[in-house]
Protein chains: 2
Amino acid sequence: MKLSKTSEHAIRVLVFMAQTPEEQYSVNTLHETLNIPFKYLGRLMPSLAAAGFVVATHGKNGGYKLLLNYEFVTIASIIDVIDAMDSYSQCILGFENCGDGKSCPLHGYWGPHRDAIKKLWETVTLKDLAKRGFKI
Amino acid sequence: MKLSKTSEHAIRVLVFMAQTPEEQYSVNTLHETLNIPFKYLGRLMPSLAAAGFVVATHGKNGGYKLLLNYEFVTIASIIDVIDAMDSYSQCILGFENCGDGKSCPLHGYWGPHRDAIKKLWETVTLKDLAKRGFKI
DNA sequence: CATAAATACTACCTCCTTGTAGTATTTATA
DNA sequence: TATAAATACTACAAGGAGGTAGTATTTATG
Ligand code: SF4
Ligand code: SF4
């Protein structure tokens, strides 16, 4: 149910880049703009590249650029790369002996929220988040 | 937004005890019944006692017993002792420069869920959870 | 009073996440 | 072709949460 710090960083980077989708950014620029540790980013970005969210240009004047499909990249697809999205299907109480079948009184209340949040993650795209001149 | 393992343990213990509110349980019994590490419980229970959820009887034949107000103990009040409930007021994306005022498009969707879950925690009591013969 | 059975306290160990450091590789360009 | 500026890789350090261990204290009971 919780976003890891790494997922937060990833989302922040991608939302920032989605505000100027044509622009190419070096790790150093992202680091200075978003206040995310340089070396941490240096490890995160390659994995975002591997996941197909951005593409890297090597060598001098290189950097990262969003892929053109960014309009359709959902929060869920980002979380999936970092955190494993299936944590959003689990019991919020951490009980293991029950599920949608045999449920405690909370389940009826919790289930709909869980499902709605999951659907939200699967619906909202980078474009939605970038739409406003939203200060990161 | 996430319950720590310790909160989960606390809730599991208290829900279990709320099913037989008159009963006194030793740490060892709780440990064997709920499969929570003995020594871990031995540290958790005193804090539940300090928080006023249970009362301890020392010495031989001692143990823990629910306080009589258990019917009105909410999930929120338990989380509060362990995790600090205020994590339910924060941004799920971890951004710091925004809030209910200046918001990203997610906020309109996320806010209501956050509030509903918070209210749920503040509404559901141990008695509600214990109501069914719910296998812990 | 001695013993056993319980809670209380305190220190430590382990694992995972986050963050840091150093070095290798790639490529534009003077 | 040398240099500079960028990404890529790998190892390690710090911190917190979860879990373990040992010992002290309390109290019923024979
Ligand atoms: S029934 Fe209750 S404990 Fe079980 S998965 Fe649902 S919310 Fe969690
Ligand atoms: S506006 Fe968006 S980023 Fe800001 S607190 Fe709300 S959900 Fe989080």
Side-chain angles (χ1 to χ4, degrees), chain A residues 1-13 17 23-67 78-79 81-84 87 93-96, chain B residues 1-14 17 23-67 78-79 81-84 87 93-94 96:
Chain A
M1 261 328 292
K2 191 199 164 207
L3 274 62
S4 68
K5 209 74 187 168
T6 305
S7 276
E8 285 180 18
H9 289 333
I11 293 170
R12 269 159 46 82
V13 166
M17 293 179 76
E23 198 79 25
Q24 177 184 263
Y25 293 100
S26 71
V27 170
N28 193 46
T29 303
L30 294 172
H31 153 63
E32 288 174 350
T33 309
L34 302 175
N35 276 308
I36 298 171
F38 176 76
K39 286 292 190 177
Y40 200 85
L41 260 185
R43 218 179 6 174
L44 174 60
M45 295 308 294
S47 67
L48 294 183
F53 299 128
V54 295
V55 64
T57 304
H58 282 210
K60 189 170 176 175
N61 302 332
Y64 290 93
K65 206 171 158 180
L66 268 189
L67 280 178
I78 301 169
I79 296 175
V81 170
I82 316 284
D83 279 339
S87 66
L93 294 185
F95 296 152
E96 291 173 0
Chain B
M1 264 325 292
K2 192 204 166 203
L3 275 63
S4 67
K5 209 73 187 167
T6 305
S7 276
E8 287 179 16
H9 288 333
I11 294 171
R12 270 162 44 84
V13 166
L14 292 173
M17 292 178 77
E23 200 78 26
Q24 177 184 264
Y25 293 100
S26 72
V27 169
N28 193 46
T29 303
L30 294 171
H31 152 64
E32 288 175 347
T33 309
L34 302 174
N35 276 309
I36 299 170
F38 176 76
K39 287 293 191 177
Y40 201 83
L41 260 185
R43 219 179 7 175
L44 172 61
M45 294 309 294
S47 69
L48 294 183
F53 298 128
V54 295
V55 65
T57 303
H58 282 210
K60 187 169 177 177
N61 300 332
Y64 291 93
K65 206 170 157 181
L66 269 190
L67 279 179
I78 301 170
I79 296 175
V81 170
I82 317 283
D83 279 338
S87 67
L93 294 185
E96 288 171 4

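Numbered from 1 within each chain, the chains take letters A, B, ... in sequence-line order. Remember, predicted model here, so these are calculated numbers, not experimental data.
Residues passing the side-chain contact (heavy atoms from CB on, under 4.5 Å) test with A:E23, sequence neighbours excluded: A:T20, A:Y25. With sequence neighbours left out, B:T29 forms a side chain to side chain donor-acceptor pair (under 3.5 Å) with B:S26.
At whole-Å resolution of the value, CG in B:N35 and C1' in D:dG19 are 14 Å apart. Rounded to whole angstrom, the span from the NE2 atom of B:H31 across to the P atom of D:dA21 amounts to 12 Å. Rounded to an integer number of Å, the gap from A:L48 CG to D:dT7 C1' is 14 Å. Whole-Å rounding puts the B:Y25 OH to C:dT7 P distance at 14 Å. Atom-to-atom, CD1 of B:I36 to C1' of D:dG18 comes out at 13 Å; the value is rounded to the nearest Å. Going from atom NZ of B:K65 over to atom P of C:dT7 covers 15 Å, rounded to whole Å.
B:L34 is listed as a side-chain neighbour of B:V13, based on a closest heavy-atom distance under 4.5 Å.
Taking each heavy atom of A:H31 and A:I36 in turn, the nearest pair found is ND1-O, 2.7 Å.
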Throw together a table of side-chain donor-acceptor distances under 3.5 angstrom for residues 52-61 of chain B, partners on residues two or more places apart or in other chains.
residue: B:T57; atom: OG1; partner: B:Q24; partner atom: OE1; Å: 3.3

Listed pairs under 3.5 Å, donor-acceptor, residues 37-47 of chain A side chains, sequence neighbours left out:
residue: A:Y40; atom: OH; partner: A:T6; partner atom: OG1; Å: 2.4
residue: A:S47; atom: OG; partner: A:L44; partner atom: O; Å: 2.6

(request) Report, as a single string ordered 5' to 3', how protein heavy atoms within less than 4.0 Å touch nucleotides 19-30 of chain C: B base, S sugar-phosphate only, - not at all. (result) BBBBB--BBBS-
